[in-house]
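None of the values given here were measured: they were computed from a predicted structure. When a ligand or atom number is given, it counts from 1 through the structure's own listing order. These values consider heavy atoms only, across backbone and side chains, with no hydrogens, waters or symmetry-generated copies.
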Amino acid sequence: SNDWRAMWAELGIDLEKHDQFLAALPELYEKTFINQFNRPQAMQYFDFVISEVHGLRVKELVDHKLKGGKVVASFCVFVPEELILAVDAVSIGLCAGAQFPVATGEKVLPRSICPLIKASIGFKLDSICPYFQVADFVIGETTCDGKKKAWEILNDFIPTYVMELPQRKEKEDYDLWEAEVNRLMQKLETETGKAVDFESLSQAVAKVNNRRKVLRRLYDLRKADPVPISGKDALLITQLAFFDDPERFSAKVSELCDELEERVKEGMGVVPQGTPRILITGSPMPIPNWKIHDIIESCGGVVVCEETCTGTRYFEQLTEEGQTISEQLKQIAMRAMKINCACFTPNNERINDILRLVEEYKIDGVIYYNLQFCHPYSIEYYKIERALQAAEIPVLKIESDYSEEDLPILQNRIQAFLEMV
Ligand code: BJ8
């Protein structure tokens with residue numbers, strides 16, 4: 001709308017490019033989401049959030065800044081949102097899942113790195129992401145090589161603070177991460193002029209934990225057969241968790257869960273009982289990357305769980321409550337260290353997670369999703385494949401980017417897999 005154009009211009013958005021970027025999205029969204037069979041009523045809220053994702057939500061952030069608040073963006077679920085909220089800042093998760101800015105990303109980055117990184121940097125360079133424009137600074141991390149080196153470049157365009165993420169799970173590594181959490185707290189206090197106290201931190205922990213709990217509830221409901229919500233809709237919800245106001249979001253997901261609970265009681269689903277139930281595991285799928293879910297669900301399967309950072313790795317672990325501020329900070333650090341990202345070595349806990357999820361969600365087949373050139377997940381496949389084979393669970397590895405070029409091949413492979421499971 002015209003109101004937003006003025007706001008976008010003020011944020012330094014390249015309006016012409018932004019128009020080009022947004023032009024394709026309504027059609028993609030419509031075709032991917034709107035005509036799904038027996039879609040829950042409560043998905044309307046999330047349709048609305050999507051329709052206003054560059055409008056109303058951005059306006060809220062602009063207003064927050066007018067009142068003296070800060071907006072902080074990050075790219076990894078390790079970054080402790082609790083601390084950002086404790087200084088009354090807004091936290092936005094900025095990983096990018098769109099093909100549009102990839103070409104621009106490739107102007108400053110090698111082509112042979114993962115599309116998530118190229119798109120993230122490309123969004124900033126193209127000046128088409130209002131969240132990047134509204135952010136006061138961003139928090140990067142030393143996870144994979146691609147990300148940690150890309151922050152050096154991003155810092156030329158927006159202040160980029162980097163957290164040092166350990167690579168192992170030993171005592172020294174926990175200590176390092178705890179120190180990094182403390183260092184971030186000081187950084188946030190300096191940036192906002194607000195001191196973190198026990199009260200503000202406890203409230204922030206409760207808020208973020210609550211969102212984790214409603215997402216757990218949503219995922220628990222996906223364990224039912226027939227499943228009451230499509231994988232696409234569930235993925236959309238986790239993707240939006242990174243953008244929406246946490247309290248409002250939690251309330252809306254709870255409403256949806258109430259509806260889904262009724263469905264489960266009545267044995268009502270979005271697909272017939274016996275539809276092949278798929279677990280996706282691997283690289284994250286930031287918005288608007290709905291590609292693999294869309295193919296699976298158009299080929300007669302249904303995604304019932306994602307072991308990814310846009311899935312269980314985002315919300316399964318809660319932050320334990322501490323009795324003092326330093327204990328609370330320790331617990332915040334501890335929680336993150338239970339996220340079994342492939343950037344760790346060794347990372348055997350992820351194998352256990354996958355085998356557990358296969359049981360819990362009554363999985364018929366696993367699709368190992370690997371973003372092109374994402375080495376940590378690609379290499380870790382070796383161990384996961386063996387573990388799944390030993391448990392006699394069919395697994396298919398898919399390596400893909402954000403483009404549509406490989407759609408026909410993927411459709412064929414996924415179709416064949418679904419017929420086999
Ligand atoms: S905790 S998965 S959000 S680092 S950028 S590793 S896709 S090559 S994102 Fe991640 Fe944190 Fe780990 Fe989760 Fe691969 Fe691309 Fe690297 Fe990526």
Side-chain angles (χ1 to χ4, degrees), residues 73-81 91-99 101-102 105-106 109-124 138-154 160 162-169 173 177 180-181 184 212 215 235 238-239 241-242 280-287 289 291-292 306-317 332-347 349-350 353-354 368-381 384 397-402:
S74 56
F75 300 86
C76 172
V77 298
F78 258 80
V79 174
E81 267 184 89
S91 161
I92 296 290
L94 259 195
C95 276
Q99 174 67 13
V102 167
E106 287 176 349
L109 292 162
R111 289 195 61 211
S112 55
I113 61 166
C114 114
L116 187 154
I117 302 171
K118 290 188 284 194
S120 297
I121 304 289
F123 263 119
K124 181 62 204 167
V138 303
I139 304 175
E141 10 61 41
T142 57
T143 43
C144 62
D145 289 350
K147 269 179 158 184
K148 84 179 161 214
K149 295 303 288 180
W151 308 137
E152 297 171 30
I153 298 174
L154 186 60
T160 305
V162 177
M163 295 186 82
E164 164 87 325
L165 190 80
Q167 315 225 323
R168 311 210 314 142
K169 297 171 183 173
D173 303 291
W177 186 242
E180 282 298 284
V181 167
L184 176 67
R212 294 178 184 132
L215 287 170
L235 173 65
T238 0
Q239 290 171 334
F242 293 88
I280 297 213
T281 178
S283 314
M285 297 174 163
I287 209 161
N289 181 8
K291 191 170 160 179
I292 304 299
E306 298 84 12
E307 192 277 329
T308 65
C309 283
T310 42
T312 56
R313 289 201 297 266
Y314 177 49
F315 60 79
E316 265 204 332
Q317 308 295 336
I332 288 173
M334 289 301 147
R335 185 204 80 93
M337 290 295 285
K338 291 182 213 144
I339 301 167
N340 299 318
C341 172
C343 292
F344 281 102
T345 184
N347 188 38
E349 295 81 355
R350 180 164 166 244
D353 282 344
I354 292 171
Y368 197 100
Y369 174 66
N370 215 106
L371 272 173
Q372 200 176 29
F373 307 119
C374 170
H375 301 315
Y377 286 92
S378 188
I379 297 167
E380 204 158 279
Y381 178 68
I384 308 271
K397 187 185 188 200
I398 296 279
E399 190 141 1
S400 183
D401 60 9
Y402 296 155

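Ring geometry for Y381 against Y368 counts as perpendicular: the plane angle is over 60°, on a 0 to 90° scale with 30° as the lower cut.
Residue T143 has at least one heavy-atom neighbour below 4.0 Å for each of these atoms of ligand 1: 4 (S). When each atom of ligand 1 is checked for a heavy atom of C309 under 4.0 Å away, the hits are 1 (S), 2 (S), 3 (S), 13 (Fe).
Contacts between I117 and ligand 1, counted as non-hydrogen atom pairs separated by less than 4.0 Å, involve the side chain only.
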Subject >> Y369/T308 under side-chain contact (heavy atoms from CB on, under 4.5 Å): CA gap, chis, key distance, verdict >> reply: CA-CA 9 Å; Y369 174 66; T308 65; 5.8 Å; no
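Counting protein heavy atoms only, atom 15 (Fe) of ligand 1 is closest to C114 SG, 2.3 Å. Ranking protein heavy atoms by distance to atom 14 (Fe) of ligand 1, first place goes to C374 SG, 2.3 Å. The protein heavy-atom contact nearest to atom 10 (Fe) of ligand 1 is K147 NZ, 3.7 Å. Ranking the protein heavy atoms by distance from atom 2 (S) of ligand 1 puts Y377 OH, 3.1 Å first.
T142 and E164 are linked by a side-chain donor-acceptor pair at a separation below 3.5 angstrom, with hydrogens and angles left out of the test.
Between the side chain of W177 and the backbone N or O of M334, no donor-acceptor pair lies under 3.5 Å. Formation of a donor-acceptor pair under 3.5 Å by the D145 side chain with backbone atoms of K149 is not found in this model. Not a single donor-acceptor pair under 3.5 Å links the side chain of K147 to the backbone N or O of C76. A side-chain donor-acceptor contact under 3.5 Å links K291 to the backbone of D401.
When the heavy-atom distances from atom 9 (S) of ligand 1 to P115, P286, P284, A119 are ranked, the shortest goes to P284. In this structure, of C144, C343, C76, C341, the residue bringing a heavy atom nearest to atom 16 (Fe) of ligand 1 is C144.
Under a 4.0 Å heavy-atom criterion, G146 is not in contact with ligand 1.
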